[in-house]
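In what follows, a structure is listed as structure tokens, so that the remarks can point back to it.
Read the numbers this way: they start at 1 and go in the same order the structure lists the ligands and their atoms.
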Amino acid sequence: MALLPILRYPDPRLHKVAKPVQVVDDRIRTLVRDMAETMYDAPGVGLAATQVDVHERVVVIDVSEDSNDLRVLINPEIIWKSEETQVYEEGCLSVPGIYDEVQRAARIRVRTLDEQGETREFDAEGLLAVCVQHELDHLMGKVFVEYLSPLKQNRIKTRLRKQEREALKV
Ligand code: NI
């Protein structure tokens, strides 16, 4: 097991589009374990492979209160979205310290492979629906701040670059 370094916005590698996983093998299962460990350590409720600079369609999510309900999504697709939307204040391990409201579908249906390469489908609402949509955006190279106004995005970039410079000084 290993903790993986998490890319920080505005790192251009966060905008790469992930490729589908060809074979769910031990290499992928090791990646999944390392991603889960990294997510729990952060701590966070979701992590996409893109955020650890692996550009394949792999996501880990755990929105449970006790961090004991890990969901592994390999090649996930949203196969249905409700017209109804919900607004949630989102954050992201790649955009530390920034939280803002994003509007997304309130309910979704997801089709995915699990760690054994078996096809699964599930319905999601509430925080899980938010999290799945947020992580699938990462796989498409999209970070949640891109839903915000250009002015806000520039402020966030400036703030995170400043934090990075200050971190380098110590
Ligand atoms: Ni994120």
- Task: Taking 2.8 Å as the upper limit, name the protein N, O or S atoms near the Ni ion (ligand 1).
- Result: C92 SG, H134 NE2, H138 NE2
- Task: Evaluate side-chain contact (heavy atoms from CB on, under 4.5 Å) for F144 paired with D137, printing each intermediate quantity in order.
- Result: CA-CA 8 Å; F144 86 98; D137 275 353; over 6 Å; no
- Taking atom NE2 of H134 and atom CG of L136, what is their separation to the nearest 0.5 Å? 11.0 Å
- Q22 CD to I28 CD1 distance, which is reported to the nearest 0.5 Å: 9.5 Å
- Query: Can you find a side-chain donor-acceptor pair between D62 and S64 that sits under 3.5 Å?
  - Reply: yes
- If you round to the nearest 0.5 Å, how far is CD of E125 from CD1 of I108? 10.5 Å
- Item | Any donor-acceptor N or O pair under 3.5 Å, side chains D100, Y147 | no
